[in-house]
> 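There's a structure below that I have some questions on.
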Amino acid sequence: MAKYDPKAVEAKWRERWERDGTNKVDLDRAERPFYNLMMFPYPSAEGLHVGNVFAFVGSDIQGRYRRLLGYDVFEPLGFDAFGMHSENFALKRGRHPAEMVPENIAHFREDQLKRIGLMVDWSRQVDTTVPEYYRWTQWMFVTLMKNGFAYRDRGQVNWCPGCKTVLAKEQVIDELCERCSSKVEKREMEQWFFRTTAFKDELLDELDRMDWSERTKTAQRQWIGRSSGADVSFRIEGGPELRVFTTRPDTLFGATYMVVSPEHPVLDEITAPGREADLAEYRRRAASLSESDRQDEKREKTGVFTGAYAVNPVNSARIPVWAADYVLMGYGTGAIMAVPAHDSRDHEFARKFDLPIVQVVSAPPGAPDVREEAYAGEGKLMNSGSFDGLEAKSEGIPAVVEMLAREGKAEFKTMYRLRDWCVSRQRYWGPPIPVVYCEKCGAVPVPEKDLPVLLPYIEDFKPDGSGSSPLKRHAEFYNTSCPECGGPAVRETDVSDNFLCSAWYFYRYPSVEFGDRPFDAERTKKWLPVDLYVGGNEHAVLHLLYSRWLCKALNKAGFLDFSEPYRRFVAHGIIVKDGGKMSKSKGNIVNPDEYVGEYGADAFRVYLMFMGSYLEGGDFRDGGVKAMKGFLDRLVAACSPASGPLDPSPPAGAETLFWLNSTVKAVGHDIERFSYNTALARMMELVNHITKHKIRSREISSILARLVSPFAPHLAEELWESLGNAGSVFDSSWPAYDEDMIRRPEVEYVVQVNGRVRDKLTLAIGLAPEEIDAQVLASPTVMKWIEGKELVKKIYVPDKLINLVVK
RNA sequence: GCGAGAGUGGCGGAAUGGCAUACGCACUGGCCUUAGGAGCCAGCGGCCGCAAGGCUAUAGGGGUUCAAGUCCCCUCUCUCGCACCA
């Protein structure tokens with residue numbers, strides 16, 4: 001090929017791919033299906049972010065590589081365009097999201113995504129905001145409802161008094177409203193919930209067997225937050241039983257007081273006469289505190305004595321009951337037994353209010369006194385009656401619980417942090433929740449034949465402060481008739497959480513043409529679960545957990561025959577600029593279009609993959625893209641017939657064959673482990689080698705075109721064509737390598753004396769130790785170091801190294 | 001606080017327990033050029049040395065090993081996740 005002009009080359013191949021349908025795969029005839037999924041973007045008005053490009057290119061490389069290996073690769077992409085982002089941005093611009101979103105999508109796809117050369121079949125694009133899509137999002141809701149996975153309950157929402165609206169959790173930053181910086185309050189409202197807790201154990205246990213990064217798994221484990229312990233009942237003098245959850249029932253003898261959450265209803269029953277005013281005051285103050293204030297660890301503990309006493313079931317000790325906001329109503333039973341000697345929070349509280357601290361687990365010598373600091377480690381029980389001497393956790397826990405269980409005062413219990421998923425959003429820009437409320441029939445799901453419930457185009461989509469969706473103001477939407485009894489009814493006016501749209505989108509891609517079902521059974525059987533899912537770890541919990549959960553629910557309901565949606569998930573890293581996060585305020589946002597325009601998409605792709613680790617993230621430097629353009633220029637110059645005739649016979653030199661074969665091996669291996677930077681470094685070495693030795697080889701050129709094709713697809717196509725090949729390079733195959741060529745007849749032995757490199761000898765491979773010795777001992781350099789010393793030991797590493805140990 | 005990951009030249013970063021610093025950037029010198037924000041060649045961790053060579057160096061300290069950036073223990077620093085979760 002002639003002088004490499006990325007602009008012309010890339011435009012040419014963009015058109016060619018589109019014309020020939022190069023990126024399409026026959027979904028029904030594919031014999032070796034490989035579903036290569038990347039997390040679909042939210043099409044922001046700001047345009048594609050360099051982080052998106054980084055993520056997509058890394059995924060695209062896998063898709064293209066797999067295709068060259070002979071797989072039928074399906075690589076779709078779409079747009080996640082419902083939600084707060086779009087709605088708020090439209091509000092800010094004084095425009096309507098229904099107008100802005102299609103514009104943004106068109107810009108993303110036509111001007112940006114198509115330019116970076118992804119192997120995407122755009123005929124299968126998904127857009128979550130079109131009725132053809134959200135009809136099935138609503139179908140998911142209805143299906144979940146019919147199968148007992150959805151229910152209605154009161155729940156807390158974030159309320160912004162400034163904007164007079166409900167905010168999503170993501171819009172609340174440090175307890176302040178993202179838009180007006182007012183302090184966000186909690187409000188109780190009727191909400192729809194999905195029973196994510198129905199599969200809490202499956203969601204947790206299956207993680208152990210999953211091919212995900214440890215980082216991602218840990219995030220999910222923490223979110224589900226399973227902990228095992230016991231429920232213990234304490235009797236309150238003259239009052240009811242008070243149940244607590246504890247992970248350390250072995251420390252019961254050290255429980256010197258109890259604490260209940262200020263929201264706990266039992267307070268109304270147990271507060272002693274004369275204490276009511278203090279309690280009421282404390283509870284009012286606690287209610288007014290924001291969650292972050294309340295959970296601020298640096299904040300001093302507060303609390304108030306209820307005047308009530310409880311009886312410790314193990315030793316009948318009379319212990320006071322306090323109310324304090326360090327105990328949360330939302331976890332466990334909302335009440336705890338406090339063991340200040342062995343829990344740092346209880347310890348802090350006990351010190352502040354001068355409550356007794358009783359040590360019941362022996363600490364190792366040298367540990368601080370429990371009056372100074374709580375001891376949470378291992379040890380033997382003490383001050384615990386007949387349990388003294390037992391190993392606290394391993395022996396004490398079962399012994400204490402079993403004793404109390406016989407009296408019906410305790411049972412083993414497992415606690416979770418995971419909560420059911422609140423899916424109601426009192427906003428406009430989302431799929432209306434497909435439910436009708438009838439006085440006679442209650443909450444009725446909209447029949448499938450009536451889906452979708454269309455989101456009406458309304459001008460006043462701004463939230464008004466009523467706490468309801470703007471849709472509630474529209475009688476023509478709001479008023480309807482009951483699908484069951486035909487009587488007057490009203491529609492649910494909330495829309496569903498954006499995460500519902502994205503929890504199932506990958507089922508839709510292979511089935512987009514089916515207008516009468518969310519996903520086709522045959523297609524799903526063939527293409528799912530997803531073979532490889534690549535995306536950001538910021539979705540480690542919410543999106544990935546919700547989509548796993550939905551898969552299990554659909555499986556239980558009989559719609560899927562598998563229960564995990566992704567065979568493999570790989571989290572890519574985050575790009576920073578000059579060592580820091582990119583942000584508008586720092587003004588260090590990288591605009592991909594500028595680089596693509598100046599150096600070409602291929603150079604930009606190659607730079608993003610070269611600048612650092614794909615899995616850990618990298619540091620974007622301005623000069624880098626240009627340097628990669630230089631590499632591509634050198635590659636073209638070394639490989640192209642236009643820069644001089646290529647030798648048609650295979651390269652002859654053993655050294656060149658070694659480089660060629662070891663590069664092919666290493667590049668494939670590196671792509672498989674997502675080590676793109678080293679794969680590129682290997683290719684650079686090969687290019688350097690053939691440039692330096694002025695090797696002009698058709699075979700090497702053809703191999704290099706294929707090696708670089710996942711990274712620089714346009715350039716690879718051009719090079720491939722210029723070498724006289726018909727058709728796309730992606731319809732060829734990944735080059736093979738010959739292991740024999742990687743084995744050289746002679747290798748450089750490292751000779752160490754006492755572990756330090758003293759000489760290097762070129763020796764034939766496969767030499768016996770005696771033969772090596774003869775050569776090594778003949779070296780004057782080596783002799784200098786062992787002369788006059790006693791040779792104690794010789795270590796041989798075949799074809800690599802010999803270490804002489806001398807004294 | 002708990003959990004996960006990381007710390008290597010001026011910079012981005014390489015190294016299945018076996019030659020630390022691959023590859024690239026920046027820099028320095030040279031060639032070519034009317035010119036260079038182009039191209040090519042060479043050098044490039046630190047210290048000593050004309051050189052040959054030697055010593056030293058992977059956050060700090062200890063250990064295992066013939067051999068440690070890599071494995072183990074302690075300390076420090078940074079990033080991410082969870083966080084008054086009993």
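Values below: every heavy atom of this structure, side chains too, minus hydrogens, waters and symmetry copies. Every value quoted in this text rests on a predicted model; they were computed, and no experiment measured them. A note on names: the letters A, B, ... follow the listed sequences, proteins ahead of strands, and every chain is numbered from 1.
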> Determine the contact category for R758(A): base if any of its heavy atoms lies under 4.0 Å from a base atom, sugar-phosphate if only primed atoms, P, OP1 or OP2 are that close, otherwise nothing.
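Sugar-phosphate only.
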> Reckon N677(A) touches a base, only the sugar-phosphate, or nothing at all at heavy-atom distances under 4.0 Å?
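Sugar-phosphate contact only.
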> When you measure from the side chain of T196(A) to the backbone of R419(A), do you find a donor-acceptor pair of N or O atoms at a distance under 3.5 Å?
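It does hold such a pair.
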> For C78(B), which nucleotide is its Watson-Crick or G-U wobble mate, given both distances must be under 3.5 Å?
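Base-paired to G5(B).
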> Round to a whole Å and report the spacing from NE2 of H669(A) to P of A22(B).
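Roughly 21 Å, once rounded to whole Å.
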> Could you tell me how far apart L608(A) (CG) and G13(B) (P) are, to the nearest whole angstrom?
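Rounded to whole Å, this separation is 14 Å.
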> Could you give the distance separating G45(B) and U28(B) at their C1' atoms, to the nearest angstrom?
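Each nucleotide's C1' atom is 16 Å from the other's.
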> Across all strands, who's sitting opposite G45(B) as a Watson-Crick or G-U wobble pair, both distances under 3.5 Å?
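In the structure as shown, G45(B) has U56(B) as its Watson-Crick or wobble partner.
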> Give a yes/no on whether any side-chain N or O of R682(A) is located under 4.0 angstrom from OP1 or OP2 of G24(B).
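Looking at the OP1 and OP2 atoms of G24(B), neither is under 4.0 Å from any side-chain N or O of R682(A).
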> For M628(A), report the nucleic acid contact type (base, sugar-phosphate, nothing); a contact means any heavy atom under 4.0 Å.
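Contact class for M628(A): sugar-phosphate only.
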> Remember a base hit wins even if backbone is also touched, and classify R634(A) as base, sugar-phosphate or nothing at under 4.0 Å, heavy atoms.
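Sugar-phosphate, backbone atoms only, no base.
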> Has T691(A) got a side-chain atom pairing as donor or acceptor with A638(A)'s backbone, closer than 3.5 angstrom?
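A pair under 3.5 Å: no.
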> Can you check the L761(A) CG to G18(B) C1' distance for me, whole Å?
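Those two atoms, CG and C1', are 16 Å apart.
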> With a 4.0 Å cutoff (strictly under), does any side-chain N or O of S344(A) reach OP1 or OP2 of C84(B)?
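Answer no for this pair, as no side-chain N or O of S344(A) is under 4.0 Å from OP1 or OP2.
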> Can G53(B) be described as syn, meaning its chi torsion is within 90° of 0, or is it anti?
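Anti, which is what one calls it when the glycosidic angle falls more than 90° from 0.
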> Strictly below 4.0 Å: does R243(A) bring a side-chain N or O up to OP1 or OP2 of A86(B)?
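It does not, given that no N or O in the side chain of R243(A) lies less than 4.0 Å from OP1 or OP2 of A86(B).
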> Tell me what V750(A) touches on the nucleic acid: a base, only sugar-phosphate, or nothing, going by heavy atoms under 4.0 Å.
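Base: the residue V750(A), judged by heavy atoms under 4.0 Å, touches a nucleobase.
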> Can you measure N537(A) atom CG to U79(B) atom P for me and round it to whole angstrom units?
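In whole Å, U79(B) P lies 17 Å from N537(A) CG.
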> Give none if A15(B) has no partner; otherwise give the nucleotide forming a Watson-Crick or G-U wobble pair with it, both distances under 3.5 Å.
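A15(B) is unpaired by these criteria.
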> Contact class for V805(A) (heavy atom, under 4.0 Å): base, sugar-phosphate, or nothing?
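The answer is sugar-phosphate, as V805(A) gets under 4.0 Å only of primed atoms, P, OP1 or OP2.
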> Is any side-chain N of the basic residue among D208(A) and R221(A) closer than 4.0 Å to the acidic one's carboxylate O?
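Between R221(A) and D208(A) there is a salt bridge, with a charged N closer than 4.0 Å to a carboxylate O.
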> Could you state the CD-C1' distance from E373(A) to G1(B), rounded to the nearest angstrom?
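Atom CD in E373(A) sits about 11 Å away from atom C1' in G1(B).
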> Which nucleotide in the set C23(B), C19(B), A4(B) lies at the smallest distance from any side-chain heavy atom of T218(A)?
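From the listed options, A4(B) comes nearest.
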> Could one point to a donor on the side chain of K800(A) or the base of U16(B) with an acceptor on the other under 3.5 Å away?
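Yes, a donor-acceptor pair under 3.5 Å.
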> Looking across every strand, which nucleic acid part, if any, lies under 4.0 Å from N688(A) by heavy atom: base, sugar-phosphate, or nothing?
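Contact class for N688(A): sugar-phosphate only.
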> Donor-acceptor check, side chain of Y375(A) to backbone of V361(A), threshold 3.5 angstrom: yes or no?
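The answer is no, because no donor-acceptor pair under 3.5 Å joins these two groups.
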> Does the ring of W223(A) carry R548(A) above it, NZ/CZ under 6.0 angstrom from centre and within 45° of its axis?
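No cation-pi geometry.
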> Which part of the nucleic acid, if any, lies within contact of S227(A), taking any heavy atom under 4.0 Å across all strands shown: a base, the sugar-phosphate backbone alone, or nothing?
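The answer is sugar-phosphate, as S227(A) gets under 4.0 Å only of primed atoms, P, OP1 or OP2.
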> Can you tell me whether the side chain of K760(A) and the base of C19(B) have a donor-acceptor pair closer than 3.5 Å?
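Per atom types, the contact qualifies.
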> Aromatic rings F349(A) and Y257(A): how do their planes relate, parallel, tilted or perpendicular, breaks at 30° and 60°?
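Geometry flag for Y257(A) against F349(A): parallel rings.
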